Enquirer: 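The structure's right below; bear with me while I get my questions together.
So you know, we letter chains A, B, ... as the sequences are listed, proteins then strands, and number each from 1. Predicted, not measured: the structure shown is a model, and the values here were computed from it. Note: hydrogens, waters and symmetry copies are ignored here, and every other heavy atom, side chains too, is used.
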Amino acid sequence: MPRSEEAEWWANAVYEAIQEIPRGKVTSYGHIARLLGEPQRPRQVGVCLKVLPPAESGAHFNNDTVPWQRVINSKGMISHRTRANIPALVADVESSGPGSAQRQADVLQSEGVEVTTDSMGEMYVSLAQYGWFPSHLPSEQDEDESENSEV
DNA sequence: TAAATGACTGACT
DNA sequence: AAGTCAGCCATTT
């Protein structure tokens, strides 16, 4: 697990930013990247979460101290932890191990966040209702979001 | 050392 | 409205 100094700084910054997300709210990978002044690196935010140490590791930042479950993609969907473009393997990863998408949905619901599942089995959270975007940028225009919604 | 991947996005078709 | 593409860059192969 090679961790350069720079990567270390980035990971710590990401974890700290994620700790600011209030319980019961969610935000996107891209938003965390923007908060850190690196708007073009949402993927690296995902990488940090992937390598987040288990709670029993004793690390300062771990699965218990960082609310990893509150980070989802810009479409409001809980991202898959794919291991390849092979659908057969996706199911395996999806199975409910620690940190799996299903696990994420369970934890979120325990915090009071509603998770809905569409016809294709994808799990969504309404960003309009649960989204946390403090440094909201003016470039976006909210229109309709009737698809993932509540009610 | 080089090539492929991926807890992503926004623009473009 | 839904699918495709091109950037992104640390990790893995």
Side-chain angles (χ1 to χ4, degrees), chain A residues 1-21 25-55 57 59 61-111 113 115-128 130-149:
Chain A
M1 36 278 257
R3 283 267 153 154
S4 72
E5 235 175 275
E6 212 171 276
E8 184 80 38
W9 173 85
W10 169 259
N12 287 340
V14 167
Y15 297 146
E16 287 179 4
I18 291 175
Q19 290 180 320
E20 293 175 32
I21 307 171
K25 293 289 185 179
V26 298
T27 196
S28 69
Y29 299 92
H31 185 66
I32 294 298
R34 287 189 310 223
L35 284 179
L36 301 181
E38 300 284 346
Q40 305 183 298
R41 287 165 219 165
R43 300 195 73 133
Q44 297 344 106
V45 172
V47 169
C48 292
L49 291 183
K50 184 167 74 171
V51 303
L52 184 60
S57 69
F61 292 114
N62 63 53
N63 276 301
D64 268 358
T65 64
V66 179
W68 55 272
Q69 71 278 14
R70 297 176 196 155
V71 185
I72 61 182
N73 69 29
S74 69
K75 310 238 181 354
M77 182 186 125
I78 295 178
S79 303
H80 290 122
R81 282 67 166 159
T82 53
R83 193 168 292 282
N85 302 330
I86 308 168
L89 287 181
V90 174
D92 173 57
V93 177
E94 275 301 294
S95 62
S96 72
S100 69
Q102 183 55 62
R103 179 68 152 236
Q104 181 169 4
D106 291 344
V107 179
L108 281 176
Q109 298 204 94
S110 75
E111 301 188 339
V113 175
V115 178
T116 60
T117 301
D118 71 10
S119 57
M120 309 225 305
E122 303 292 9
M123 300 182 283
Y124 285 87
V125 169
S126 167
L127 291 179
Y130 301 102
W132 179 75
F133 299 97
S135 9
H136 186 269
L137 281 83
S139 55
E140 298 202 40
Q141 242 160 225
D142 301 323
E143 288 189 49
D144 71 324
E145 52 283 307
S146 49
E147 12 69 20
N148 54 358
S149 93

Enquirer: Which whole-number value in Å describes the distance from A/Q44 CD to C/dG7 C1'?
Expert: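 My rounded result for the distance is 11 Å.
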Enquirer: Both distances under 3.5 Å, Watson-Crick or G-U wobble: report the partner of B/dG6, or none.
Expert: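 Paired with B/dG6, as far as the under-3.5 Å criterion goes, is C/dC9.
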Enquirer: Among A/Q109, A/Q104, A/Q102, find the residue that satisfies the side chain to side chain donor-acceptor pair (under 3.5 Å) test when tested with A/D106.
Expert: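 The residue from A/Q109, A/Q104, A/Q102 that satisfies side chain to side chain donor-acceptor pair (under 3.5 Å) with A/D106 turns out to be A/Q102.
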Enquirer: Measure the distance from CZ on A/R43 to P on B/dG10 and round it to the nearest whole Å.
Expert: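 So the two atoms are 13 Å apart, to the nearest Å.
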Enquirer: Using whole Å, what does the distance between atom C1' of nucleotide C/dC9 and atom CH2 of A/W9 come to?
Expert: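 Rounded to whole Å, this separation is 14 Å.
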Enquirer: Please report, rounded to the nearest Å, how far the P atom of B/dC8 is from the CZ atom of A/R34.
Expert: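 For the pair A/R34 CZ and B/dC8 P, the rounded distance is 16 Å.
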Enquirer: Report yes if at least one side-chain N or O of A/S74 is closer than 4.0 Å to OP1 or OP2 of B/dC8; otherwise report no.
Expert: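 So the side-chain polar atoms of A/S74 never come under 4.0 Å of the phosphate oxygens OP1 or OP2 of B/dC8.
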Enquirer: Rounded off to whole Å, could you give me the CG-to-P distance for the A/L36 and B/dT9 pair?
Expert: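 Rounding to the nearest Å, CG of A/L36 and P of B/dT9 are 14 Å apart.
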Enquirer: For a 4.5 angstrom cut-off between non-hydrogen side-chain atoms, does A/Q19 reach A/T65?
Expert: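 Yes, their side chains come closer than 4.5 Å.
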Enquirer: Evaluate the side-chain proximity of A/N62 to A/P54: yes if any heavy-atom separation is below 4.5 Å, no if none is.
Expert: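 Contact flag for A/P54/A/N62 side chains = no.
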Enquirer: To the nearest Å, give me how far apart OH (A/Y29) and P (C/dC9) are.
Expert: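 Value for this atom pair: 19 Å.
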Enquirer: What's the NE2-P distance between A/H31 and B/dC8, to the nearest Å?
Expert: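 Rounded to whole Å, this separation is 17 Å.
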Enquirer: Do any side-chain nitrogens or oxygens of A/S28 fall under 4.0 Å of OP1 or OP2 in B/dC8?
Expert: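 A/S28 to B/dC8 OP1/OP2: no side-chain N or O under 4.0 Å.
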Enquirer: Whole angstrom is fine here: how far is it from NZ in A/K75 over to P in B/dA7?
Expert: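 Roughly 15 Å, once rounded to whole Å.
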Enquirer: Just compare B/dG6, B/dT9, B/dA7 and give me whichever is closest to any side-chain atom of A/L49.
Expert: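 Nearest nucleotide to the side chain: B/dA7.
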Enquirer: Can you tell me which nucleotide in C/dC9, B/dT9, B/dA7 comes closest to the side chain of A/K50?
Expert: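 It is B/dA7.
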Enquirer: Contact class for A/Q40 vs. all strands (heavy atom < 4.0 Å): base, sugar-phosphate, or nothing?
Expert: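 Touches sugar-phosphate only.
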Enquirer: Counting only side-chain N and O atoms of A/R70, is one of them less than 4.0 Å from OP1 or OP2 of B/dA7?
Expert: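 No, because none of the side-chain N or O atoms of A/R70 sits under 4.0 Å from OP1 or OP2 of B/dA7.
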Enquirer: Applying side-chain hydrogen bond (donor to acceptor under 3.5 Å, both in side chains), can you list everything that pairs with A/E38, at least two apart in sequence or on another chain?
Expert: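 Expected list: A/R41.
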Enquirer: Donor-acceptor pair, distance only, cut-off 3.5 Å: does the side chain of A/N63 make one with the backbone of A/P53?
Expert: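 Looks like yes, one N/O pair under 3.5 Å.
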Enquirer: What is the nucleic acid contact for A/R41, judged by heavy atoms within less than 4.0 Å: base, sugar-phosphate only, or nothing?
Expert: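 Sugar-phosphate: the residue A/R41, judged by heavy atoms under 4.0 Å, touches backbone atoms but no base.
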